[in-house]
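Here's the structure we're looking at; comments come further down.
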Amino acid sequence: VDGKMCGSDIGRTRAPQATGITTLDDFLKASKIDKAAVAAEAASTVPKPEKKPPAESEEKNPFCVLVCGGGNAAQVATAMFALRYPTIAVSLYADEAAKWKEALGDDDYELTLDTGKVVKSKPDDITNDPSVAAKADAIVLAVPSFAHGQYFEAFAPYMKPGTLVACMPARSGGDILFAAKLGAKAKDMVFMGFETLPWACRFTEWGRKATILGTKGSILAAVTPPAKFPQAFALMQGMLGVFPAVTESPNNLGISLRNPGAQIHPGVMYGRWCPEKWDGNPVDEKPLFYQGVEEFSESVLMGLTNEVQAIRKKMEEMVPGIDLGDAGTLHQWYLDSYAGQMTDDSSLRMCMNTNPGYRGLTHPCKDADDGKFMPDLKYRYLTEDVPTGMCFNKGLGEILGVPMPMTDKVLAWAQECIGMNFMVDGKMCGSDIGRTRAPQATGITTLDDFLKASKIDKAAVAAEAASAQPKLEKKPPAESEEKNPFCVLVCGSGNAAQVAMAMFASRYSTIAVSLTSAAKWKEALGDDEYELTLDTGKVIKSKPDDITNDPSVAAKADVIVLAVPSFTHGHYFELFEPYMRPGCLVACMPARSGGDILFASKLGKKAKDMVFMGFETLPWACRFTEWGRKATILGTKGSILAAVTPHSKFPQA
């Protein structure tokens, strides 16, 4: 009216005035824009990674993932990824690939998730041919760390630039080994090292069925080069799903030095079976491993962890600003990983002795005469954790000039036990050094060489450290796997809503909410599964937990996705508001103008405890081919813009 936004129908608009906002301060408050925080971020001297503008067109985006291995984790990953993407399982171990292919035959693989959902999928191939790496956009290694080098070497001739290689877990020096095996090609690749496996899982029928018993709530991962973390994160989080939440570790060196198996397993073995403690004769019973740690074994472990901390301190002196915060002590690792589970966490020994997850676990032993036992000194605690963990620590310590007397003592004993020659006269130059993750195994003998192989740029590290911008608080990942309940509400009944519902319902508890068509949709689907054909060629069959018009189901939701016309957003916000619980993420696809302001207005005081995510547009071009029962994704956007209010919650959202 007269050029002012004050007409009688202003309340039907997204104008700020519709919610009573008439000043800049009110607008910034509603938008959760903090002027001081914005100024601090702008003052940062760290250049932001280049961001390619998203294209508006939807395409058939070819994406192929290779999963390496044939064990529990590899079969689970294959089944999970094959649900949505072309997936090839690769095993170079003996005739494992042929056996798996024969076991599965023409059937689907059946994966029971810890959410209660059952995924049925089929890999595009199961093979031992490394040339399939030429097809891969992502390669996931879920094999023992001693086999990583074999896969890197076999794939190197075929890998295309930009391929993401993710190791779960990477163990110590995974990035260094990757760079050595790929040579000049490594500069065009992306390496992602995970601290551990995402799941506790097992196959219930080898090659055909598996079960995820629990999933970690979060998991640490680092990317080399670090600038590629956003792209690598997007790929791996998208494939893994909501859990585990991938938490960024600043560099793979932090992941390497954090490796607890490199210290705990050899240290506890030495503490019980070294000449000082064992006379070489059979024992009456298998000793407890973790809960059997006593004063002497604890002193060994304390020596090992303190030497790793000395490496960390020296590296921080030599590379000012480098963030090795994830490489904590063993005691801190227990406090981070098993918080609240130990009855006494006052010391390293008590953390191990009182951890209920360790109850009854014994030293690896072999049967001896008269019902007695001998230690298995060629168990993986020595044959794997020494060359792929402890040798890395010792080798880096040698380069940095850090004395490591306890590591020397344990390593000398361990290499004799497993019949290897890694260390000679305290130096990492033995005849078997090439079988280890020690930097010396790849010809690295100076700090400059190590930093080059690790892609750690001293100047860039110093510039980032000089930034005044505070880092977001990072909750340490727990080591235990849990059943993580997760419920998503999808609002609407049009093309996009039906596609989103079918996609999410394949893995998570999903409720479709339509204020206009719920009963009609429920009747159309009946007891059948919804059939969604993806633009990758895969077909997903799933069923929502409910289809309803009852807004009180918002009380169950961890995430609410609105795929409805923007003029109805306010109606949904109002109806859900009484029931929504703190921390709920509300995502609008698309949000249109002022979606966050409308959300804050409709939720009132509750808005401060919620997270709003506004998407620029829909992710897909899609249509239902049979309303309420079948839909097809014609194309998917390669990328899509989204913003989160408050901004600090973007990583979680």
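Below, all heavy atoms of this structure are taken into account, side chains as well, without hydrogens, waters or symmetry copies.
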Completion exercise
Of all heavy-atom pairs linking Val461 and Gly321, the shortest is CG1-C, 3.3 Å
Exercise for the section: From the options Val119, Asp108, Leu111, select the one residue that forms a side chain to side chain contact (heavy atoms under 4.5 Å, CB included) with Leu83. Expected result: Val119
Practice task
Would you give the length of the straight line joining atom OG1 of Thr645 to atom CD1 of Ile33, rounded to the nearest 0.5 angstrom?
Solution key: 7.5 Å
Exercise for the section: Please lay out, stage by stage, how Lys520 and Trp627 fare under the test side chain to side chain contact (heavy atoms under 4.5 Å, CB included). Expected result: CA-CA 10 Å; Lys520 178 184 173 184; Trp627 192 90; 3.7 Å; yes
Exercise for the section: Say whether, by atom type as modelled, one donor and one acceptor occur between the side chain of Asp9 and the main chain of Arg12 under 3.5 angstrom. Expected result: no
Problem - Any donor-acceptor pair under 3.5 Å from Lys608 side chain to Ala600 backbone - result: no
Exercise for the section: For Lys556, look at atom NZ and say whether over 12 heavy atoms of other residues, nucleotides or ligands are found less than 6.0 Å away. Expected result: no
Fill in the blank from the handout: Distance col, row Met168:CE vs Glu195:CD, nearest 0.5 angstrom, shows 13.5 Å
Problem - Salt-bridge present (Asp25, Lys35; N to O < 4.0 Å) - result: no
Exercise for the section: State whether Lys522 and Asp546 are salt-bridged, where the test is any N-O pair (Lys NZ or Arg NE/NH1/NH2 against Asp/Glu carboxylate O) under 4.0 Å. Expected result: yes
Exercise for the section: Scan Asp124, Thr87, Thr533 and name whichever one has a side-chain hydrogen bond (donor to acceptor under 3.5 Å, both in side chains) with Lys538. Expected result: Asp124
Handout entry: Heavy-atom neighbours of Lys209 NZ exceed 12 at 6.0 Å
Key = no
Handout entry: Glu626, CD: over 12 other non-hydrogen atoms inside 6.0 angstrom
Key = yes
Completion exercise
Between Ile511 and the options Val490, Val553, Ile547, the side chain to side chain contact (heavy atoms under 4.5 Å, CB included) test singles out Val553
Handout entry: Heavy atoms of other groups near Arg14 CZ, more than 12 under 6.0 Å
Key = yes
Handout entry: Minimum side-chain heavy-atom gap Trp199-Val76 below 4.5 Å
Key = yes
Handout entry: NZ/NE/NH1/NH2 to OD/OE distance under 4.0 Å, Arg581 and Asp558
Key = yes
Fill in the blank from the handout: Taking every heavy atom of Val513 against every heavy atom of Tyr572, the minimum-distance pair comes out as O-OH, 3.9 Å
Fill in the blank from the handout: Closest non-hydrogen contact found for Asn251 with Ile322 is ND2-CG1, 3.9 Å
Problem - Side-chain (Thr19) to main-chain (Pro16) donor-acceptor, under 3.5 angstrom - result: yes
Practice task
Report the C-alpha distance between Phe81 and Phe63 in whole Å, list the side-chain angles of each, state the deciding distance to 0.1 Å, and finish with yes or no for side chain to side chain contact (heavy atoms under 4.5 Å, CB included).
Solution key: CA-CA 11 Å; Phe81 303 157; Phe63 182 82; over 6 Å; no
Practice task
Taking side-chain hydrogen bond (donor to acceptor under 3.5 Å, both in side chains) as the test, write out the residues that go with Lys602, two or more places apart.
Solution key: Glu574
Exercise for the section: Report yes if some heavy atom in the side chain of Val246 is under 4.5 Å from a heavy atom in the side chain of Phe194; otherwise report no. Expected result: yes
Handout entry: Reported CD1-to-CD distance for the pair Ile597 and Gln17, which is rounded to 0.5 angstrom
Key = 11.0 Å
Fill in the blank from the handout: Of all heavy-atom pairs linking Leu220 and Ser249, the shortest is CD2-CB, 4.1 Å
Handout entry: Greater than 12 external heavy atoms within 6.0 Å of Lys228's NZ
Key = no
Exercise for the section: Identify, with sequence neighbours excluded, every residue that meets ring pair (Phe, Tyr, Trp, His ring centres under 6.0 Å) alongside Phe612. Expected result: Phe599
Problem - Asp114 side chain to Leu213 backbone, donor-acceptor under 3.5 Å - result: no
Fill in the blank from the handout: The reported gap from CG in Leu515 to OG1 in Thr568 (rounded to nearest 0.5 angstrom) is 8.0 Å
Fill in the blank from the handout: For Ala232 and Val223, the nearest pair of non-hydrogen atoms, with its separation, is CB-CG2, 3.7 Å
Exercise for the section: Indicate whether any N or O donor in one side chain lies under 3.5 Å from an N or O acceptor in the other, for Ser552 and Asp550. Expected result: yes
Exercise for the section: Please round to the nearest 0.5 Å and tell me the distance separating atom CE of Met192 and atom CG of Asn252. Expected result: 9.5 Å
Problem - Nearest-0.5 Å distance that lies between atom CE in Met580 and atom CG in Leu603 - result: 5.0 Å
Exercise for the section: Count the heavy atoms belonging to other residues, nucleotides or ligands that lie under 6.0 Å from NZ of Lys120, then report whether that count exceeds 12. Expected result: no
Handout entry: More than 12 heavy atoms from other groups under 6.0 Å of NZ on Lys135
Key = no
Fill in the blank from the handout: Taking every heavy atom of Pro86 against every heavy atom of Thr536, the minimum-distance pair comes out as CD-CB, 4.1 Å
For residues 497-507, dump all side-chain donor-acceptor pairs below 3.5 Å to protein atoms at least two apart in sequence or in another chain.
| from | atom 1 | to | atom 2 | distance (Å) |
| --- | --- | --- | --- | --- |
| Gln498 | OE1 | Tyr530 | OH | 2.6 |
| Gln498 | OE1 | Gly628 | N | 3.1 |
| Gln498 | NE2 | Ser493 | O | 2.9 |
| Ser506 | OG | Met503 | O | 2.7 |
| Arg507 | NH1 | Met239 | O | 3.4 |
| Arg507 | NH1 | Leu240 | O | 3.3 |
| Arg507 | NH2 | Leu240 | O | 2.6 |

Handout entry: Neighbour count >12 (heavy atoms, 6.0 Å) for atom CZ, Arg629
Key = yes
